[in-house]
Amino acid sequence: MSEVKEKEIILRAEGISKSFGPTKALVQVSFEIKRGEVVGLIGENGSGKSTFSTIVAGIQKQDEGQLYLNGEPYAPNDITDAISKGVAMVVQEQGTFNNISVAANIFAGREQQFTKAGLLDLKAMNAAAAEALDKIGVEGIDPAQVVNAMSFEERKLLEVARAECAEPQLLIIDETTTALGREGRDVMYRLINKMRRDNRSVLFISHDIEELMAICDSIIVLRDGHYIGALNREEMTVGALRQMMVGREIADNFYRNDWNGRLTDEVALSARDICYGPMKDLTLDLHKGEILGIGGLTDCGMHDFGKILFGIIKPDYGTVKLENGAEIVNPKQAVKQKMAYISKNRDTEALMSAGSVKDNICLPNLPKLAKGGLISPKAEMDLANRMGETLSIKMQGPKQYVMYLSGGNKQKVSIGKWLASEAEIYIFDCPTRGIDIGVKADIYRILTDLKNQGKAILMISEELPELIGMSDRILTFKDGAISGEFLRDPSVTEHTLIDYMI
């Protein structure tokens with residue numbers, strides 16, 4: 001035995017397999033996580049990352065194989081059991097409960113620690129929740145408020161606080177940073193570093209290779225449910241990880257390779273003097289055949305602006321009009337005017353998770369499918385199959401529930417339902433949030449095809465390389481106002497944009 005004692009292994013997976021019908025999500029996956037390490041887990045959508053993490057977190061059980069925690073067999077009955085054994089998870093999509101308070105969310109399943117003589121001490125629970133939020137560096141959230149009106153990012157931070165207040169020995173973070181702005185990511189990174197200093201471990205799942213390389217001690221790669229290998233810090237390169245993920249080399253640049261950002265004279269949509277929240281007198285034009293990028297910090301108002309354009313949010317003042325003079329006042333009218341909106345929040349706003357792929361794709365297209373007041377089931381299946389083939393959606397079939405698809409395939413369904421509507425104006429809010437590089441390339445191809453067809457595209461994004469790589473024109477938002485405008489040009493850099501956002 002080496003004189004240098006090997007770090008204690010906190011989690012060992014041996015031959016973990018999981019199938020969903022004919023789909024093999026995990027096939028004999030084996031690896032180890034040591035104490036005090038931050039281990040990255042990466043792979044394309046459908047590679048098995050989330051399936052593996054949910055098994056470890058007690059959300060579901062494997063079909064075969066054995067987990068060991070601290071050298072002992074580990075088979076959690078549910079999430080609460082996993083937490084009691086020292087394993088906590090922050091999930092990719094929304095993991096909070098509506099209609100209850102911040103404090104109740106943080107201590108969900110552990111309310112008994114605030115119960116005396118059968119009564120719940122709300123004051124004590126609120127105080128503990130405030131302490132849990134302060135512990136991870138989050139300010140300005142009232143523990144007594146109901147979570148319904150909170151932003152997706154604020155809810156994610158509640159989940160982080162919930163996980164950390166359980167003082168887990170192993171924390172699983174599944175794509176959470178993709179939902180966070182700059183401040184939220186800083187909170188997460190501080191927590192990860194604290195876990196490492198405390199000799200606790202983190203399993204960090206992300207599609208962002210650069211992010212993983214910056215914070216992880218090693219990175220494990222899964223592909224099509226199989227363990228492909230692991231790289232330590234000295235071995236990590238973007239090229240090596242990409243090749244392990246997809247089994248082939250991927251070009252470094254999958255954005256547009258042209259620098260022609262000329263705009264047509266035809267304006268498809270005009271927003272005038274929009275006032276709402278931080279937004280003050282926002283005015284812009286979206287041209288046909290243009291990809292107009294909108295960038296800024298999370299709270300700059302850009303996400304709400306996209307909803308205003310589609311009629312989901314009614315502004316306090318101002319108008320949104322199309323070239324034909326129609327004023328957009330609600331989503332139903334926007335759809336009728338051939339507009340499409342792809343939300344940042346797939347599971348809560350863009351999709352019916354408990355519905356099938358077919359139902360999701362066909363819903364906005366029912367009037368087009370109806371003949372003589374009747375909708376043919378065959379027409380629905382044909383449309384769903386056509387979109388599935390066009391977008392290469394990995395699914396068991398059109399009748400599969402969306403909740404069982406990977407994040408990237410969910411996003412393809414979200415886009416597919418609007419492509420099927422043959423819309424003329426598309427609003428994409430963070431179109432590649434939480435998806436792998438292969439699906440990103442597919443979505444960028446779709447955006448380019450739509451542009452070449454003369455469609456008008458407004459793309460809201462928190463990813464600066466995406467804005468620079470895909471946009472004909474970029475508008476930066478700061479404090480609810482347009483702070484800068486940049487035409488497509490190789491001289492525009494991330495530093496250029498950041499100067500106008502902060």
Side-chain angles (χ1 to χ4, degrees), residues 94 96 102 133 137-142 145-158 177-188 269-286 292-321 327-331 334 339 341-345 348-350 425 427-431 433 457-464 466-467 471 473-486 494-502:
Q94 182 176 302
T96 52
V102 167
L133 290 166
V138 175
E139 300 176 348
I141 294 180
D142 179 4
Q145 75 177 100
V146 177
V147 302
N148 297 44
M150 296 175 68
S151 70
F152 189 78
E153 176 169 0
E154 288 174 326
R155 291 184 180 213
K156 281 285 113 188
L157 294 175
L158 293 193
T177 53
T178 60
L180 301 177
R182 184 180 177 185
E183 290 183 8
R185 291 188 186 199
D186 286 343
V187 168
M188 183 65 72
L269 176 148
S270 296
R272 292 288 179 269
D273 305 317
I274 300 296
C275 296
Y276 179 82
M279 286 173 265
K280 298 292 184 289
D281 301 320
L282 273 178
T283 292
L284 60 79
D285 290 330
L286 174 64
L292 173 58
I294 304 289
L297 302 181
T298 300
D299 57 356
C300 69
M302 62 182 183
H303 301 297
D304 283 345
F305 184 68
K307 293 180 179 180
I308 287 171
L309 296 182
F310 196 66
I312 299 171
I313 291 177
K314 181 177 176 58
D316 298 327
Y317 185 80
T319 59
V320 177
K321 290 187 177 181
E327 183 176 346
I328 301 302
V329 294
N330 58 57
M339 291 183 66
Y341 173 74
I342 295 88
S343 172
K344 172 185 177 181
N345 303 322
T348 57
E349 296 180 355
I425 299 172
I427 301 166
F428 286 88
D429 192 351
C430 295
R433 181 181 74 82
I457 302 161
L458 186 131
M459 181 182 72
I460 301 165
S461 178
E462 297 169 359
E463 304 297 329
L464 300 185
E466 181 171 83
L467 286 169
S471 304
R473 185 166 53 113
I474 300 171
L475 297 178
T476 53
F477 278 31
K478 179 182 177 182
D479 299 329
I482 295 173
S483 57
E485 180 176 9
F486 307 88
E494 294 183 42
H495 291 295
T496 308
L497 300 182
I498 288 171
D499 287 343
Y500 285 82
M501 293 178 180
I502 300 175

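These values consider heavy atoms only, across backbone and side chains, with no hydrogens, waters or symmetry-generated copies. It should be emphasised that the depicted structure is a prediction, and the values quoted were computed from it without experimental measurement.
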[X] side chain near [Y] side chain, heavy-atom distance below 4.5 Å:
{"X": "Leu269", "Y": "Val320", "answer": "yes"}
{"X": "Met279", "Y": "Ile482", "answer": "no"}
{"X": "Ile425", "Y": "Leu309", "answer": "no"}
{"X": "Leu475", "Y": "Phe305", "answer": "no"}
{"X": "Leu133", "Y": "Val102", "answer": "yes"}
{"X": "Phe428", "Y": "Leu458", "answer": "no"}
{"X": "Ser483", "Y": "Met501", "answer": "no"}

What are the two closest non-hydrogen atoms of [X] and [Y], and how far apart are they?
{"X": "Pro431", "Y": "Ile460", "answer": "CD-O, 3.7 Å"}
{"X": "Glu327", "Y": "Thr319", "answer": "OE2-CG2, 3.5 Å"}
{"X": "Cys430", "Y": "His303", "answer": "SG-CE1, 3.7 Å"}
{"X": "Gly311", "Y": "Pro331", "answer": "O-CD, 3.2 Å"}
{"X": "Gly301", "Y": "Pro278", "answer": "CA-CG, 4.2 Å"}
{"X": "Pro315", "Y": "Gly318", "answer": "CG-O, 4.0 Å"}

Q. So, the side chain of Arg433 versus the backbone of Ser461: is there a donor-acceptor pair under 3.5 Å, distance only?
A. no

Q) Would you say the side-chain atoms of Thr476 pair up with the backbone N or O of Leu497, donor to acceptor, closer than 3.5 Å? A) no

Q) Would you call the rings of Tyr341 and Phe310 parallel, tilted or perpendicular if under 30° counts as parallel and over 60° as perpendicular? A) parallel

Q: Applying salt bridge (charged side-chain N to carboxylate O under 4.0 Å, His left out), run through Asp285 and Arg272 and close with a yes or a no.
A: CA-CA 9 Å; Asp285 290 330; Arg272 292 288 179 269; 2.8 Å; yes

Q. Can you tell which of Leu467, Ile294, Asp429 makes a side chain to side chain contact (heavy atoms under 4.5 Å, CB included) with Met459?
A. Leu467

Q.
How about CG on Asp479, more than 12 heavy atoms from neighbouring residues, nucleotides or ligands closer than 6.0 Å, or not?
A. no

